[in-house]
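For reference, the structure discussed in these notes is given below.
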Amino acid sequence: MDEMALLQRSGGPVTRGRLTRDLTALGLTKGDIVMFHTRMSAIGYVAGGPATIIGALGDVVGERGTLMVTCGWNDAPPYDFTDWPEAWQEALRREHPAYDPDTSEADHNNGRLPEALRRWPGAVRSRHPDASFAALGAAATALMADHPWDDPHGSESPLARLVAMGGRVLLLGAPLDSLTLLHHAEALAEAPGKRFVEYEQPITVDGERVWRRFHDIDSEDDAFDYSSVVPEGQWPFEAIAQDMLAAGIGARGMVGAAESHLFDAGDVVDFGVAWIEEKLGGGA
């Protein structure tokens, strides 16, 4: 979409001050720890791009607050490289660079904001190559420390800490299915047929590049088979989020030209676990 179309959509430039006012009206406040997901094109013409959004979020949460994003690793080796011809596998194992929290790019599929935030002065990124997060602010180190190698969306993960610290989740023009926190609900939910993946990626241990094997829920192709409870063509997380909103959980409002949503993290996980267990036949 060209600049004029974006300007027309948002009724003029979306400035840092305008974002600050809109975010405050939505319910974000000083001291909040907030994990955010952004679709910039939905907001309109953002004057200054990602830096303006990060600046506005920082203005609202203040020095006591913290911003958090999901990063991943854009150039991670694919899970199925072990199915490649042996010579290709050997070449990859021999020379693929190790994940580096300071330099490895965030997954481009997550948009521009995760890469912008993880490069921001003072930002802290977690050590897990495939499921990394980044944070900026007062609670950044506590959120990111010792990200578990296995079960990286589970009970000791940055997502669990976000919940424990009373954090929130902001969908800034992002679709409902982008609620990464629901992977934490999947990790906690007790329901039949939970899917797991195992994969290998290179990391640095004591200054040496090593290949490590990881174990996690299947966060790429769904941790459960939702086909019996979610209409064809709808993403499972979208269905959960719509039911959550219908139950009165979360706030909606406009930020720039974008319909946006703000949730308390604990509410998202509690609702998500209960929804999965009820719909898929799990729980006590």
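Values below: every heavy atom of this structure, side chains too, minus hydrogens, waters and symmetry copies. In this chain, numbering begins with 1 at the start of the sequence shown.
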Under 3.5 Å donor-acceptor, [X] side chain and [Y] backbone:
X    : Y    : result
D150 : H215 : yes
D264 : G266 : no
R212 : E200 : no
T70  : F133 : no
S157 : A160 : yes
S132 : G72  : yes
T52  : R16  : no
D218 : V197 : no

Between atom [atom1] of [X] and atom [atom2] of [Y], what is the distance when rounded to the nearest 0.5 Å?
X    : Y    : atom1 : atom2 : answer
H128 : D146 : NE2   : CG    : 13.0 Å
L181 : H153 : CG    : NE2   : 10.0 Å
E277 : L188 : CD    : CG    : 9.0 Å
L176 : F263 : CG    : CZ    : 6.0 Å
E63  : K30  : CD    : NZ    : 8.5 Å
L117 : R125 : CG    : CZ    : 11.0 Å

H147 versus S126, side-chain donor and acceptor atoms under 3.5 Å: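 Side chains of S126 and H147: pair found under 3.5 Å.
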
Residue pair D130 / Y79, side-chain donor-acceptor N/O under 3.5 Å: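 Short answer, yes.
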
Residue pair V60, V34: steps toward the side-chain contact (heavy atoms from CB on, under 4.5 Å) verdict: CA-CA 11 Å; V60 178; V34 60; over 6 Å; no

Aromatic ring pairing W275/Y226, orientation class (parallel under 30°, perpendicular over 60°, tilted between):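 Plane angle between 30° and 60°, so tilted.
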
Single hit among H37, H184, H183 for ring pair (Phe, Tyr, Trp, His ring centres under 6.0 Å) with F237: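 Testing F237 for a ring pair (Phe, Tyr, Trp, His ring centres under 6.0 Å) against H37, H184, H183 leaves exactly one candidate, H183.
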
Passing candidate, side chain to side chain contact (heavy atoms under 4.5 Å, CB included) with F224, options K279, E186, R195: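 One option only clears the test, and that one is E186.
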
Residue among P152, P148, P129 satisfying side chain to side chain contact (heavy atoms under 4.5 Å, CB included) with F214: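 So, applying the side chain to side chain contact (heavy atoms under 4.5 Å, CB included) to F214 and each of P152, P148, P129, only P129 qualifies.
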
Criterion side-chain contact (heavy atoms from CB on, under 4.5 Å) on T82 and R93, from CA distance to verdict: CA-CA 10 Å; T82 52; R93 289 186 184 280; 3.9 Å; yes

